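One structure below.
Quantities reported herein were computed from a predicted structural model and do not represent experimental measurements. Proteins come first, then strands; the chains are lettered A, B, ... in the order of their sequence lines, and each starts at number 1.
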Amino acid sequence: MRSAPLSSRNWFPKASAGLVLGLTLALSCVGILGLLCHTNGDPRSPASQYLMWLVAPMWTAVLGSCFMFRTGWRAWGILGGINVLLWALYIGVRSIMS
Amino acid sequence: MKIRADIVRMYREIHSWVGIVCGLFLFVAFYAGAITMFERPLQDWASPPVSLPPPVSLERFPELLEKTFAEHPEARNAYTVVLHPTPSQPASLVWGMPQRMHGPAAASYSALAEDGSLVTRRQPPSEAAHFINMLHQQVGLWMPHEVGRFFMGVVALLYSVALISGTLVVLPGLVKNLFAIRLGQNAKRMWLDLHSMLGLFSLPFHIIMALTSVVFAFHDEIYVAEHALLGGKAVHQVQGHPHADRASGLHQQQVPAGEFRAPLEPAQIVATITKQAPGFMPETLVYDNSHGGHLALRVTGHDPRYGARGAGGGFAGVDPYSGKLLSTDYLPGHQTLPMAVLTSFFVLHFGSFGGEGVRWGYAVLGLAGAFMFYAGNQLWIVSRRRRERGSGCVEDTRSTRLLCSLTVGCSLGCVAGVSTVLAAAPLLPAGGEMSHVQIIYFAVFLSCVAVCFCLKERQAIRTLLFVSAILTFLMPISASVATPLSQVTASSLIVDCTAILYGALLLLWAIRPQAGQPLFRKEQPSGLSKV
């Protein structure tokens with residue numbers, strides 16, 4: 001499966017990828033789901049409160065698992081790629097719905 | 001359960017470094033949080049008695065209101081009718097609070113004397129219990145609230161990483177080590193077993209706390225982002241707190257200009273509320289006239305059958321003229337399903353469900369959590385020390401010594417500081433102003449840390465535990481000095497008894513021959529734990 005064993009030595013590039021890209025990844029999901037269920041982001045509505053609560057588990061899950069990437073570059077690359085896909089999806093959904 | 005060895009090793013290293021960075025902050029957060037479970041009883045306990053006539057009966061409220069408004073017209077702007085006065089809200093009518101309140105605030109209290117004349121006292125609140133809550137929210141640091149919230153968020157993120165990595169480390173040996181607490185073998189094994197057992201058995205509690213703390217820290221920013229992503233045409237300004245003070249402005253009664261309608265009497269309001277929401281026990285009626293001159297009413301209270309969104313209870317927006325429920329979004333038992341589920345997230349953090357039993361359970365879980373962080377730090381120290389001994393060092397290296405002093409100093413400093421604040425609060429003017437209480441706490445905290453740098457570990461633990469025990473024993477004494485015995489309430493007596501029991505526990509721990517070790521160990525392994 002993988003050749004080199006994982007180590008905690010290159011933690012900084014991996015953790016920073018998890019911190020930054022994990023947050024943007026969670027926010028992109030908030031955007032997509034929010035568009036699909038027609039909420040306007042008003043913190044009084046239950047839908048946007050649920051979306052707000054969605055961020056914490058997604059963010060922490062990415063932050064906790066980003067150490068499984070073999071290198072920092074891979075972490076930034078793969079998480080960045082997922083981000084690009086999701087944000088493109090968000091823009092797509094937004095342009096369809098408006 | 002099999003996990004590849006390199007993964008386990010990597011996560012173990014991550015776990016110990018993350019733990020060492022945030023462990024002491026989390027200790028303070030958990031210890032202060034456990035005490036905050038009793039914020040209300042402690043505030044009642046610390047509030048000095050006010051010389052006021054006894055609270056009026058429900059039927060005489062109109063008279064009290066009328067006389068107060070005649071003498072103090074400004075009271076009309078915002079006033080609160082307290083149905084069951086307590087030492088921290090000692091009168092039936094409270095008014096003159098500042099507009100936006102964070103925690104307790106100075107207020108005027110009105111009551112009727114026997115001859116029917118109005119008696120009004122203005123008094124600042126006791127802020128000792130609120131200070132401990134702030135300590136909990138800001139992980140034990142003294143900084144502006146916004147910065148503290150952000151810092152707490154960072155600690156909460158680290159905490160969640162520590163939880164994930166810690167769980168992964170424990171999983172492979174789960175079945176073998178589950179109930180094993182090897183006290184006799186050596187110090188490292190003992191701390192490791194205690195740390196992982198506490199962590200594993202309270203894992204759900206810790207997951208809840210980690211996720212809710214991340215939310216509490218960053219909700220404003222997330223809402224701003226959400227609004228930017230979804231809002232498009234800005235409908236509403238994103239407001240401060242999502243879970244407080246929101247519904248207040250929404251439910252004003254539209255009264256045609258020029259027509260004056262008298263609001264219902266408090267007794268009628270209570271009667272209509274109990275008819276519409278049976279089981280809900282109203283506690284205060286909060287009137288607010290400041291939103292465009294329309295009177296808005298919010299009824300706070302609790303329902304023993306349901307959890308409440310806030311730590312103190314739920315509330316309903318009520319029409320002050322007819323007593324009709326206008327908003328039940330935060331009324332326990334009358335929420336829509338989505339709102340009730342959202343409420344459950346808050347409830348799980350605050351432990352505001354299931355009554356006193358759950359409250360005590362949460363306090364125990366919080367203390368156990370704090371002890372888990374202490375055990376984690378001790379484990380780090382002990383294994384470091386062992387490695388250093390293995391490589392031939394006789395004395396601790398400077399970094400081991402630094403961490404050892406910080407661990408004992410910060411954790412026992414927090415214990416001693418909280419006890420001092422509570423012991424001093426009844427004697428301070430107004431039951432403890434925020435600035436006084438802050439100075440006292442941090443002076444004690446820092447001197448405890450200093451003591452740990454001067455004394456040897458075992459000696460420092462013994463001294464600090466002894467001092468904390470004495471300070472805790474002082475709580476009932478200072479309370480009895482401030483409040484005459486005739487005015488003591490049942491809840492204050494419970495606080496006094498708990499303080500005595502807790503002080504005795506600390507004392508017991510201090511005078512044991514193995515001071516600082518959580519449990520008795522029969523054999524002393526060769527030189528490792530002698531410091």
TODO: Ignoring hydrogens and angles, tell me if any N or O in the side chain of A/Arg94 forms a donor-acceptor pair with the backbone of B/Leu229 under 3.5 Å.
DONE: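 Yes: the side chain of A/Arg94 pairs with the backbone of B/Leu229.
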- [ ] Return the option, out of B/Thr212, B/Leu342, B/Val215, B/Val161, with the maximum number of heavy-atom pairs under 4.5 Å with chain A.
- [x]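 Of the candidates given, the most pairs with chain A belong to B/Leu342.
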Open item on the list: With a 6.0 Å cut-off (strictly less than), is the heavy-atom count around CZ of B/Phe150, excluding the residue itself, greater than 12?
Closed with: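 Counting other residues, nucleotides and ligands, CZ of B/Phe150 stays at 12 neighbours or fewer.
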- [ ] Answer yes or no: are there more than 12 heavy-atom neighbours, outside A/Trp87 itself, under 6.0 Å from its atom CH2?
- [x]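 Yes, because the 6.0 Å sphere around CH2 of A/Trp87 holds more than 12 heavy atoms from other groups.
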Tell me, side chain or backbone of [X] under 4.5 Å from chain A's heavy atoms, or both, or neither?
{"X": "B/Ser213", "value": "neither"}
{"X": "B/Ser165", "value": "neither"}
{"X": "B/Val341", "value": "both"}

Task: Test log, rule side chain to side chain contact (heavy atoms under 4.5 Å, CB included), inputs B/Glu226 and A/Val55 - done: CA-CA 10 Å; B/Glu226 206 179 298; A/Val55 174; over 6 Å; no
Task: Closest-packed option against chain B by number of heavy-atom pairs under 4.5 Å, given A/Ser48, A/Pro46, A/Ala56 - done: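 The option with the most such pairs is A/Ser48.
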Task: CA sep, side-chain torsions, deciding dist, call: A/Trp59, B/Leu211, side chain to side chain contact (heavy atoms under 4.5 Å, CB included) - done: CA-CA 10 Å; A/Trp59 192 10; B/Leu211 291 179; over 6 Å; no
Task: Contact origin within A/Leu23 toward chain B - heavy atom pairs under 4.5 Å - done: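 Neither part; nothing is under 4.5 Å.
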TODO: Using non-hydrogen atoms and a 4.5 Å limit, figure out which bit of A/Tyr90 sits close to chain B: side chain, backbone, both or neither.
DONE: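 The answer is the side chain of A/Tyr90.
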Within this structure, what is the [atom1]-[atom2] distance for the pair [X] and [Y], rounded to the nearest 0.5 Å?
{"X": "A/Met68", "Y": "B/Met10", "atom1": "CE", "atom2": "CE", "result": "6.0 Å"}
{"X": "B/His227", "Y": "A/Asp42", "atom1": "NE2", "atom2": "CG", "result": "8.0 Å"}
{"X": "B/Ile7", "Y": "A/Leu6", "atom1": "CD1", "atom2": "CG", "result": "5.5 Å"}
{"X": "B/Leu157", "Y": "A/Leu19", "atom1": "CG", "atom2": "CG", "result": "6.5 Å"}

Open item on the list: Check the orientation of A/Trp53 and B/Phe345. Use parallel for under 30°, tilted for 30 to 60°, and perpendicular for over 60°.
Closed with: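 The arrangement is tilted - the two ring planes meet at 30° to 60°.
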TODO: Evaluate the side chain to side chain contact (heavy atoms under 4.5 Å, CB included) criterion for residues A/Val30 and B/Ile222: first the C-alpha distance (whole Å), next the side-chain angles of each, then the deciding distance (0.1 Å), finally the verdict.
DONE: CA-CA 10 Å; A/Val30 166; B/Ile222 297 173; 5.7 Å; no
Open item on the list: If I compare all heavy atoms of A/Met52 with all of B/Tyr223, which pair ends up nearest, and what's the gap?
Closed with: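 Smallest heavy-atom distance, with atoms named: CE-OH, 3.6 Å.
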- [ ] Kindly give the heavy-atom pair with the smallest separation between B/Ala225 and A/Leu27, and that separation in Å.
- [x]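 Answer, listing the atom of B/Ala225 first, then A/Leu27: CB-CD2, 4.0 Å.
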Task: Non-hydrogen side-chain atoms of B/Ile164 and A/Ser65 separated by less than 4.5 Å - done: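 Counting from C-beta outward, B/Ile164 and A/Ser65 never come under 4.5 Å.
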